[in-house]
**Q** 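One structure is given below, represented as structure tokens, and several questions about it will come after.
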Amino acid sequence: MALAVLSDLHGNLPALEAVLEEVERLGVERLLICGGVARGLFVRETLDLLLSLGGRALWLRGDAERDLVEFYDHGTARDSLSPGDLWGLEWEAGQIERRHRDFLAALPGCLTVDVEGLGPVLFCHGSPRSDGDILTPLTPEERLGHVLAGVEERVVICGQLVAFDRLVGGVHVVGTGSAGHLSRPLGRPPGAVWALLSPGVEFRRAGYDRGRAVARFRESGHPLSDSWLEALKFPLFPDGMSAFLEERARRREAEG
């Protein structure tokens, strides 16, 4: 049975609607949400739409979910967040109800699912080691080996901003790409990236009307809506974003 995997929606409701429309068109019955949902412009609406899928959807926790629950509970979050991120997080925490908070707090950090044609697959957000790990197509094999240490599954699928598919030390490592950020590889139209497991791994891109999305973003009321409007105007180019993220990952490791 096919499985749709999506990650890093970050409250982009138009992107989620486009992905779900394609999932329905393809007749995919099961979805796995790889974290990164519970932040962004339409956090409540995005959560409610995914929750309406009921048992069709499996979920796990990412750093966005962790941050939102922590801020909901304590009015604070991890020190590495910028003042702008904290401003957005305060608004987002005010959009959800206790039922959302309790659902997110109970999510597992990793999940192993038996997938037809792939066998036992370990799903996580950043990596099996940490939901904050950054992996890209450019991540050195040595660092990938460290984050995969102790993993028994031969397929690991994680939510990352840039989609990739690599074989490292006998482990098939897949980054889903971001459904919430418009991705635009050279020569292809931009869209919301997600992965279809059926039984191999196929990256798909669901397009949506950017003009309509801009109008909805402006009406969201989110204090950081302007930054999302810029993201719609200038879609993410995977090669450049990979280099940017790798530099961020190196700085994090150097800082300990």
Side-chain angles (χ1 to χ4, degrees), residues 2-26 28-53 56-65 68 92 104 107 111 123-126 131 134-137 157-165 174-185 188-198 201-210 212-214 216-217 220 222 225 227-238 241-242 245:
L3 177 67
V5 185
L6 54 155
S7 175
D8 289 274
L9 278 160
H10 293 294
N12 186 340
L13 188 61
L16 173 59
E17 292 168 345
V19 171
L20 291 181
E21 182 178 343
E22 185 172 5
V23 165
E24 292 297 327
R25 180 176 59 81
L26 293 172
V28 180
E29 296 182 6
R30 293 198 304 163
L31 295 91
L32 194 142
I33 317 303
C34 237
V37 172
R39 295 290 313 276
L41 298 172
F42 301 99
V43 56
R44 180 191 179 101
E45 295 89 341
T46 298
L47 286 171
D48 283 342
L49 180 52
L50 287 171
L51 285 168
S52 73
L53 299 174
R56 289 183 60 195
L58 300 172
W59 294 60
L60 56 84
R61 182 189 69 245
D63 53 349
E65 288 72 29
L68 187 60
E92 292 151 8
L104 296 173
L107 292 175
L111 195 62
F123 293 90
C124 53
H125 183 66
D131 61 23
I134 299 172
L135 305 177
T136 77
I157 295 183
C158 51
Q160 297 289 345
L161 288 181
V162 181
F164 65 87
D165 187 344
V174 175
T176 61
S178 170
H181 295 78
L182 274 173
S183 178
R184 186 172 191 170
R188 301 184 65 182
V193 176
W194 60 284
L196 177 64
L197 310 186
S198 177
V201 178
E202 177 188 358
F203 295 114
R204 301 190 63 91
R205 187 171 288 101
Y208 56 95
D209 189 323
R210 283 194 283 172
R212 289 183 60 193
V214 164
R216 294 173 73 178
F217 283 14
S220 70
H222 195 289
S225 59
S227 64
W228 280 93
L229 289 170
E230 287 299 307
L232 282 180
K233 294 177 184 176
F234 304 104
L236 178 155
F237 285 89
M241 181 54 69
S242 293
L245 292 172

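For the single chain, residues carry numbers from 1 onward in sequence order. The analysis underlying the following values was restricted to heavy atoms, covering all of them including side chains, and did not include hydrogens, waters or symmetry mates.
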**Q** Excluding sequence neighbours, so at least two apart, what forms salt bridge (Lys or Arg N to Asp or Glu O under 4.0 Å) with Arg39?
**A** Glu92
**Q** To the nearest 0.5 Å, what is the distance between OG on Ser7 and CD1 on Ile157?
**A** 11.0 Å
**Q** How far apart are the closest heavy atoms of Ala64 and Gly36, and which atoms are they?
**A** CB-CA, 3.9 Å
**Q** Please determine whether salt bridge (Lys or Arg N to Asp or Glu O under 4.0 Å) holds for the pair Arg56 and Glu29, giving the CA-CA distance in whole Å, both sets of side-chain angles, and the decisive distance to 0.1 Å.
**A** CA-CA 7 Å; Arg56 289 183 60 195; Glu29 296 182 6; over 6 Å; no
**Q** Do Leu32 and Leu6 have side-chain heavy atoms sitting under 4.5 Å apart?
**A** no
**Q** Start with the C-alpha gap between Leu47 and Leu104, add the side-chain angles, then the distance that decides, and say whether side chain to side chain contact (heavy atoms under 4.5 Å, CB included) holds.
**A** CA-CA 10 Å; Leu47 286 171; Leu104 296 173; 4.0 Å; yes
**Q** Report yes or no: do His10 and Asn12 form a side-chain donor-acceptor pair below 3.5 Å?
**A** no
**Q** Give the minimum heavy-atom separation between Ala179 and Ala192, together with the two atoms involved.
**A** O-CB, 3.1 Å
**Q** Taking the side chain as everything from C-beta on, heavy atoms only, tell me whether Ser220 gets closer than 4.5 Å to Trp228.
**A** no
**Q** For Arg205 and Trp194, run side chain to side chain contact (heavy atoms under 4.5 Å, CB included): C-alpha distance rounded to whole Å, both residues' side-chain angles, the deciding distance at 0.1 Å, then the answer.
**A** CA-CA 6 Å; Arg205 187 171 288 101; Trp194 60 284; over 6 Å; no
**Q** Carefully, step by step, assess Arg204 and Leu26 under the rule side chain to side chain contact (heavy atoms under 4.5 Å, CB included).
**A** CA-CA 12 Å; Arg204 301 190 63 91; Leu26 293 172; 3.6 Å; yes
**Q** Should Ile33 and Leu107 count as side-chain neighbours, where that means a heavy-atom distance under 4.5 Å?
**A** no
**Q** Does any part of the side chain of His222, heavy atoms only, come nearer than 4.5 Å to the side chain of Phe42, both counted from C-beta?
**A** no
**Q** Answer yes or no: is there a side-chain heavy-atom contact under 4.5 Å between Leu161 and Asp8?
**A** yes
**Q** Identify the residue among Phe123, Phe164, Phe203 that makes a side-chain contact (heavy atoms from CB on, under 4.5 Å) with Val174.
**A** Phe203
**Q** Once rounded to the nearest 0.5 Å, what's the spacing between atom CG of Leu111 and atom CZ of Arg61?
**A** 11.5 Å
**Q** Between Arg216 and Glu17, is there a side-chain N and carboxylate O pair less than 4.0 Å apart?
**A** yes
**Q** Has Glu65 got a side-chain atom pairing as donor or acceptor with Gly62's backbone, closer than 3.5 angstrom?
**A** yes
**Q** Tell me the closest heavy-atom pair linking Thr176 and Val193, and the distance in Å.
**A** O-CG1, 3.4 Å
**Q** Within the structure provided, determine whether Trp59 and Leu50 are in side-chain contact (heavy-atom separation under 4.5 Å).
**A** yes
**Q** With sequence neighbours left out, what residues match Asp209 under side chain to side chain contact (heavy atoms under 4.5 Å, CB included)?
**A** Arg212
**Q** Are the side chains of Thr46 and Leu41 in touch, meaning some heavy atoms are under 4.5 Å apart?
**A** no
**Q** Working to the nearest 0.5 Å, report the span between CG of Leu9 and NE2 of His181.
**A** 10.5 Å
**Q** How close do Ala18 and Gly207 get, heavy atom to heavy atom, and via which atoms?
**A** CB-O, 3.7 Å
**Q** Could you give me the CA-CA distance, side-chain angles and deciding distance for Ile134 and Thr136, then say whether side chain to side chain contact (heavy atoms under 4.5 Å, CB included) is met?
**A** CA-CA 7 Å; Ile134 299 172; Thr136 77; 4.2 Å; yes
**Q** Kindly write out the residues that satisfy side-chain hydrogen bond (donor to acceptor under 3.5 Å, both in side chains) with Glu21, not counting sequence neighbours, or none if the list is empty.
**A** none
**Q** Testing the 3.5 Å rule here: is there a donor-acceptor pair between the side chains of Asp63 and His125?
**A** yes
**Q** Return the minimal non-hydrogen interatomic distance between Val43 and Ala38, and the atom names on each side.
**A** CG2-C, 3.7 Å
**Q** Got a donor-acceptor contact below 3.5 angstrom from the Gln160 side chain to the Gly177 backbone?
**A** no
**Q** For a 4.5 angstrom cut-off between non-hydrogen side-chain atoms, does Leu3 reach Val5?
**A** yes
**Q** Which heavy atom in Val28 sits nearest to a heavy atom in Ala2, and how many Å separate them?
**A** CG1-O, 3.8 Å
